[in-house]
Amino acid sequence: MEKTFEQVDQVIAGCRNIFASKNRDYGKSWIIWRPMTVIDQIFIKAKRIKTIEENGSQKISDSIDSEYRGILNYAIVAIMLVRFREAIEKAPDSFDEEKILLLYDEITKEAKDLMEKKNTDYGEAWRDMEITSMTDMILGRVYRLKAIINGKEINSEGPEANFLDTINYATFALIKLSEQKPSQ
């Protein structure tokens with residue numbers, strides 16, 4: 001699992017860099033979003049990936065990798081919104097870049113800890129999965145999240161657990177995609 005941890009750290013570092021640069025470019029525009037808005041953003045990206053996987057072609061040049069990175073970062077934003085909605089609404093300026101990146105790091109550590117536990121129990125089963133299945137698992141989480149947010153699910157782990165799973169499936173997909181690329 002040592003290799004997995006290194007790969008996870010690489011994926012997270014790359015996603016964090018993108019998140020930080022977009023945060024500088026766009027500011028905290030995401031703080032006004034409702035959780036469903038972020039869920040829909042994840043849905044749009046996962047649906048695009050699935051469409052490309054099924055059609056074997058794409059019209060827009062954005063890579064599948066970039067879509068998975070977007071899914072991962074949106075899931076982190078969603079957890080921030082779920083956990084800190086009230087605090088963000090009361091004092092949005094207290095969520096400066098440094099604090100937001102600290103929260104990002106805390107959430108990714110939590111996702112990595114969860115991944116480590118599940119990898120131990122499941123024997124890194126994700127390595128034998130198809131990337132298309134990871135896309136489907138993310139879409140499944142989106143539908144669960146919509147049910148949870150709309151109050152339709154009775155026996156649920158809650159939104160945070162589903163967002164953490166989404167982070168991990170996106171991470172696994174990014175690792176598998178990187179392993180498919182020829183070495184430079």
At what distance, to the nearest 0.5 angstrom, does [atom1] of [X] lie from [atom2] of [Y]?
| X | Y | atom1 | atom2 | answer |
| --- | --- | --- | --- | --- |
| Thr171 | Gln10 | OG1 | CD | 12.0 Å |
| Ile76 | Trp30 | CD1 | CH2 | 10.5 Å |
| Met137 | Asn168 | CE | CG | 11.5 Å |
| Leu103 | Glu106 | CG | CD | 5.5 Å |
| Gln58 | Glu53 | CD | CD | 11.0 Å |
| Lys109 | Leu114 | NZ | CG | 11.5 Å |

Exercise. Are Gln7 and Leu174 close enough, and set up right, to give a side-chain contact (heavy atoms from CB on, under 4.5 Å), and what steps lead you there?
Worked result: CA-CA 9 Å; Gln7 291 172 308; Leu174 286 163; over 6 Å; no

With a 4.5 Å cut-off on side-chain heavy atoms, are [Y] and [X] touching?
| X | Y | result |
| --- | --- | --- |
| Tyr143 | Phe43 | yes |
| Arg141 | Arg144 | yes |
| Arg48 | Asp62 | yes |
| Glu54 | Thr132 | no |
| Glu130 | Lys176 | no |
| Asn73 | Val77 | no |
| Ile49 | Leu139 | no |
| Ile42 | Phe163 | yes |

For this session: Please confirm whether the backbone N or O of Lys47 pairs with a side-chain atom of Thr51, one donor and one acceptor, at under 3.5 Å?
Result: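 Confirmed, Thr51 side chain pairs with Lys47 backbone.
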
For this session: Quick one: do Leu72 and Ile12 satisfy side-chain contact (heavy atoms from CB on, under 4.5 Å)? Show the steps, please.
Result: CA-CA 9 Å; Leu72 189 150; Ile12 296 298; 4.1 Å; yes

Using residues 94-102 as the side-chain source, report each donor-acceptor pair under 3.5 Å to any protein atom, sequence neighbours left out, with the distance given to one decimal.
unit_1 : atom_1 : unit_2 : atom_2 : d
Ser94  : OG     : Ala91  : O      : 2.7
Asp96  : OD1    : Glu98  : N      : 3.4
Asp96  : OD1    : Lys99  : N      : 2.8
Glu97  : OE2    : Arg24  : NH1    : 2.8

Problem set entry | Residue pair Ile149 / Pro35: nearest heavy atoms and the distance that separates them |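 Heavy atoms of Ile149 and Pro35 come nearest at CD1-CB, 4.1 Å.
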
Exercise. If every non-hydrogen atom of Ile71 is compared with every non-hydrogen atom of Ala170, which pair is closest and at what distance?
Worked result: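 So the minimum-distance heavy-atom pair works out to CG2-CB, 4.2 Å.
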
Exercise. Does the side chain of Asn119 pick up a donor-acceptor pair with the side chain of Trp126 at under 3.5 Å?
Worked result: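 Short answer, yes.
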
For this session: Determine whether the side chains of Tyr169 and Thr135 contain a donor N or O and an acceptor N or O closer than 3.5 Å.
Result: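 Looking only at side-chain atoms, Thr135 and Tyr169 do not form any donor-acceptor pair under 3.5 Å.
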
For this session: With sequence neighbours left out, write down each residue that passes side chain to side chain contact (heavy atoms under 4.5 Å, CB included) with Asp105, or none if nothing qualifies.
Result: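 Partners of Asp105 by the side chain to side chain contact (heavy atoms under 4.5 Å, CB included) criterion, ordered by chain and then number, come out as Arg16.
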
Exercise. For Lys22, which residues count as a side chain to side chain contact (heavy atoms under 4.5 Å, CB included) partner, sequence neighbours excluded?
Worked result: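 Counting only residues at least two positions away or on another chain, Lys22 forms a side chain to side chain contact (heavy atoms under 4.5 Å, CB included) with Ile18, Tyr26.
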
Problem set entry | Audit row: Tyr68, Val11, side-chain contact (heavy atoms from CB on, under 4.5 Å) steps and yes/no | CA-CA 10 Å; Tyr68 278 116; Val11 165; over 6 Å; no

Exercise. Could you give all pairs that pass the ring-ring contact (aromatic ring centres under 6.0 Å, His included) test and reach residues 3-25, with sequence neighbours left out?
Worked result: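 Sorted pair list: Phe19-Tyr104.
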
Exercise. How far apart are the C-alpha atoms of Ile107 and Ile167, what are their side-chain angles, what is the distance that settles it, and do they pass the side-chain contact (heavy atoms from CB on, under 4.5 Å) test?
Worked result: CA-CA 10 Å; Ile107 292 166; Ile167 291 167; 4.0 Å; yes

For this session: Answer yes when Lys146 and Asp40 have at least one side-chain N-carboxylate O distance shorter than 4.0 Å, and no when they do not.
Result: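 Asp40 and Lys146: salt-bridged.
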
Which atom pairs, one a donor and one an acceptor, fall under 3.5 Å between side chains of residues 80-88 and the rest of the protein, sequence neighbours left out?
unit_1 : atom_1 : unit_2 : atom_2 : d
Arg83  : NE     : Glu160 : OE1    : 2.6
Arg83  : NH1    : Glu110 : OE1    : 3.1
Arg83  : NH2    : Glu110 : OE1    : 2.6
Arg83  : NH2    : Glu110 : OE2    : 2.8
Arg83  : NH2    : Glu160 : OE1    : 2.8
Arg85  : NE     : Glu89  : OE2    : 2.9
Arg85  : NH1    : Trp33  : O      : 2.8
Arg85  : NH2    : Ile31  : O      : 3.1
Arg85  : NH2    : Trp33  : O      : 3.1

Exercise. What pairs meet the salt bridge (charged side-chain N to carboxylate O under 4.0 Å, His left out) rule with one or both residues in residues 116-126, with sequence neighbours excluded?
Worked result: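 Pairs touching residues 116-126 that pass the test: Lys118-Asp165, Glu124-Arg127.
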
